[in-house]
There are 4 protein chains.
Amino acid sequence: MIFRIDADDGLAIYDQIVRQVKYAVASGTLAPGEWIPSVRELARQLTVNPNTIQRAYQQLQADGVLEPVRGRGLAVCRTAVRACVAERQALVLERLEQVVAEAVQGGVAPDDLRTLFERSVRKVMRGGTAEAG
Amino acid sequence: MIFRIDADDGLAIYDQIVRQVKYAVASGTLAPGEWIPSVRELARQLTVNPNTIQRAYQQLQADGVLEPVRGRGLAVCRTAVRACVAERQALVLERLEQVVAEAVQGGVAPDDLRTLFERSVRKVMRGGTAEAG
Amino acid sequence: MIFRIDADDGLAIYDQIVRQVKYAVASGTLAPGEWIPSVRELARQLTVNPNTIQRAYQQLQADGVLEPVRGRGLAVCRTAVRACVAERQALVLERLEQVVAEAVQGGVAPDDLRTLFERSVRKVMRGGTAEAG
Amino acid sequence: MIFRIDADDGLAIYDQIVRQVKYAVASGTLAPGEWIPSVRELARQLTVNPNTIQRAYQQLQADGVLEPVRGRGLAVCRTAVRACVAERQALVLERLEQVVAEAVQGGVAPDDLRTLFERSVRKVMRGGTAEAG
DNA sequence: GTGGTCTAGACCACC
DNA sequence: GTGGTCTAGACCACG
């Protein structure tokens with residue numbers, strides 16, 4: 001499990017962690033029943049304050065993704081996968097709609113938008129495969 | 001010129017105004033040389049604090065989109081159109097790439113992403129034309 | 001609006017605040033649209049760290065009870081009352097069931113339990129009216 | 001002697017054991033002079049860390065409910081019954097008062113509270129008898 | 001070792 | 001002035 005934090009994301013650090021954990025659960029990288037890194041451990045890895053991690057984990061518990069096991073740590077809930085997959089898709093759709101809406105409203109032609117979209121996909125795929133392989 | 005402010009956008013109000021003015025210039029809705037509403041006027045229209053409008057207009061001046069004319073008000077710069085068009089496209093592209101990157105990294109298949117994208121475009125086109133016409 | 005914090009409650013301070021705000025909304029003491037004391041103000045009143053208040057308010061936002069108004073403060077959501085009333089009743093019922101279940105399971109006779117319950121009600125009513133009047 | 005541990009109780013495991021032993025003594029299920037299961041035995045039965053059982057037994061000794069017999073184990077004190085009965089009743093009363101106080105303070109009408117209470121008793125009696133018989 | 005809570009104090013953006 | 005975020009460091013209960 002490796003998380004990447006981007007301080008310039010605009011999104012709060014704890015929120016980036018929440019999102020990445022949910023995505024990891026949705027994509028199977030983090031399986032139900034598995035242990036998530038301890039608060040202190042992840043804080044050390046990301047060189048972030050433990051409180052920030054704590055806050056992220058707390059929200060993940062409130063969202064039913066993690067469950068605490070007294071004195072052991074935090075485990076991925078067995079019921080979380082479906083919700084995470086659904087949420088991920090809903091989130092992507094929502095953000096796509098927002099971008100598309102603003103672009104169209106701002107006078108970008110739909111066909112130009114499709115071109116830009118394809119360019120994005122290709123770029124990300126290149127970057128992703130290049131980075132992964 | 002009508003702007004729409006969404007308090008729940010997450011984006012700051014003054015930023016929404018800046019963006020919408022630039023989009024309006026890019027799409028020709030706001031032509032070079034035209035006058036932009038006064039701070040007080042727009043603040044009244046949007047029921048927003050005048051300071052907020054002031055801040056948006058300052059940013060637009062700093063970005064070279066508006067220029068002050070002594071005793072008259074603020075006019076759209078004649079040189080601003082090209083920059084606004086470029087910026088709009090760059091902005092859309094940047095946001096698209098971000099969404100696409102996160103989706104792919106989160107395990108969404110490219111084809112699923114295309115489906116979601118097309119759904120967004122159709123939805124926005126429907127909503128947009130319905131709302132406008 | 002006056003909140004009372006009991007450090008020996010066992011329940012976390014921020015949780016006591018959350019519960020009291022919800023109860024206040026449920027009972028109409030805190031009306032929809034009203035402003036809630038600012039983070040710093042309430043922290044000063046209760047001589048508690050602002051972060052603790054902040055955390056309580058954040059959870060109340062997550063629960064849809066409060067909504068932030070940029071630069072103004074936090075207001076009680078207009079849709080929150082029904083949910084708060086229902087939650088209050090559900091919570092009371094849940095806790096009653098828990099106490100009753102443990103008592104019965106622990107060998108307390110139902111009639112003795114009723115006596116204890118009536119004694120509690122009378123005591124609280126006395127205390128409440130005495131305190132209020 | 002069978003104890004039931006509920007990890008989601010909120011109450012610490014060792015505390016659940018302490019309470020259940022006291023209740024058992026109060027209701028006569030566990031008679032004075034009887035032996036209580038050894039730390040290891042009970043830990044195995046409940047699949048709980050032996051340290052946790054140890055802690056519960058220590059607390060019970062401190063409360064004068066159990067007494068150690070060299071080389072034999074822990075026995076229920078002959079003087080413990082009265083204290084356990086009194087403590088059980090006091091505990092139930094205390095918790096009832098707390099729930100009632102919060103409910104009334106939160107705006108629940110006393111008569112509504114009585115209805116909720118009776119509903120709880122009936123539900124628990126049903127569940128209890130159904131489960132026991 | 002684990003998570004949970006709290007304090008103290010700082011910085012930011014927004015209105 | 002407002003809320004939002006983060007750091008630093010402390011203490012606690014639990015296993």
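Small disclaimer: the values here were computed from a predicted structure and weren't measured. Chain naming here is simple, since letters A, B, ... match the order of the sequence lines and numbering starts at 1 in each.
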query: Contact class for Val48(C) (heavy atom, under 4.0 Å): base, sugar-phosphate, or nothing?
result: sugar-phosphate
Side-chain donor-acceptor pair present, Glu41(A), Gln45(A), cut-off under 3.5 Å: yes
Separation between CZ of Arg55(D) and OG1 of Thr52(D), rounded to the nearest 0.5 Å: 8.5 Å
field: Under 3.5 Å donor-acceptor pair, Arg40(A) side-chain atoms to dG3(E) base atoms
entry: yes
task: For Leu66(A) and dT2(E), give me the distance from atom CG to atom C1', rounded to whole Å.
output: 14 Å
message: I want to verify a distance call: between dG3(E), dC15(E), dG3(F), whose nearest atom is closest to the Arg70(C) side chain?
response: dC15(E)
message: Among dC14(E), dC6(E), dG3(E), which nucleotide has an atom closest to any side-chain atom of Gln61(A)?
response: dG3(E)
query: With nearest nucleotides of DNA chain F determined for Gly71(A) and Gly73(C) from heavy-atom distances, which residue corresponds to the more 5′ nucleotide?
result: Gly73(C)
task: Could you tell me the separation between the CG atom of Leu11(C) and the C1' atom of dC12(F), rounded to a whole number of Å?
output: 16 Å
- prompt: In Watson-Crick or G-U wobble terms, both distances under 3.5 Å, what is the partner of dT5(E)?
  reply: dA10(F)
field: Whichever of Gln54(A) and Thr52(C) has its nearest DNA chain E nucleotide further upstream toward 5'
entry: Gln54(A)
Whole-Å distance separating the CZ atom of Arg72(A) from the P atom of dG4(E): 15 Å
statement: Judged by nearest nucleotide, the residue sitting upstream toward the 5' end of DNA chain F, Thr47(A) or Val69(C), is Val69(C)
query: To the nearest angstrom, how far is Ile53(A) atom CD1 from dA8(F) atom P?
result: 13 Å
- request: Determine whether any donor atom in the side chain of Asn49(C) lies under 3.5 Å from an acceptor atom in the base of dG9(E), or the reverse, and answer yes or no.
  value: no
message: For dG9(F), does the base pair up with any side-chain atom of Asn51(A) as donor and acceptor (N or O, under 3.5 Å, distance only)?
response: yes
message: Nearest whole Å is fine: how far is dG1(F) P from Leu74(C) CG?
response: 17 Å
- prompt: CD of Glu102(B): more than 12 outside heavy atoms within 6.0 angstrom?
  reply: yes
- request: Would you give the length of the straight line joining atom CD1 of Ile17(D) to atom CG of Leu46(D), rounded to the nearest 0.5 angstrom?
  value: 5.5 Å
field: Nearest-Å distance for atom pair CG/P, residues Leu46(B) and dC14(E)
entry: 17 Å
task: Please indicate whether Glu97(D) has more than 12 foreign heavy atoms, meaning atoms of other residues, nucleotides or ligands, lying under 6.0 Å from its CD.
output: yes
task: May I have the distance from Leu60(A) (atom CG) to dG4(E) (atom P), rounded to whole angstrom?
output: 11 Å
task: Measure from the side chain of Pro68(A), starting at C-beta and using heavy atoms only, and say which of dC14(E), dG15(F), dG4(E) lies closest.
output: dG4(E)
- request: Would you classify Tyr14(C) as touching base, sugar-phosphate or nothing, given that sugar-phosphate means primed atoms plus P, OP1 and OP2, and contacts are heavy atoms under 4.0 Å?
  value: sugar-phosphate
field: Distance, rounded to the nearest Å, where Ile5(A) contributes CD1 and dC6(F) contributes C1'
entry: 13 Å
message: How long is the straight-line distance from CD of Gln58(A) back to CG of Leu74(A), given to the nearest 0.5 Å?
response: 10.0 Å
message: Let's see if you can work this out: which of dC6(E), dG3(E), dT5(F) has an atom nearest to the side-chain heavy atoms of Arg55(A)?
response: dT5(F)
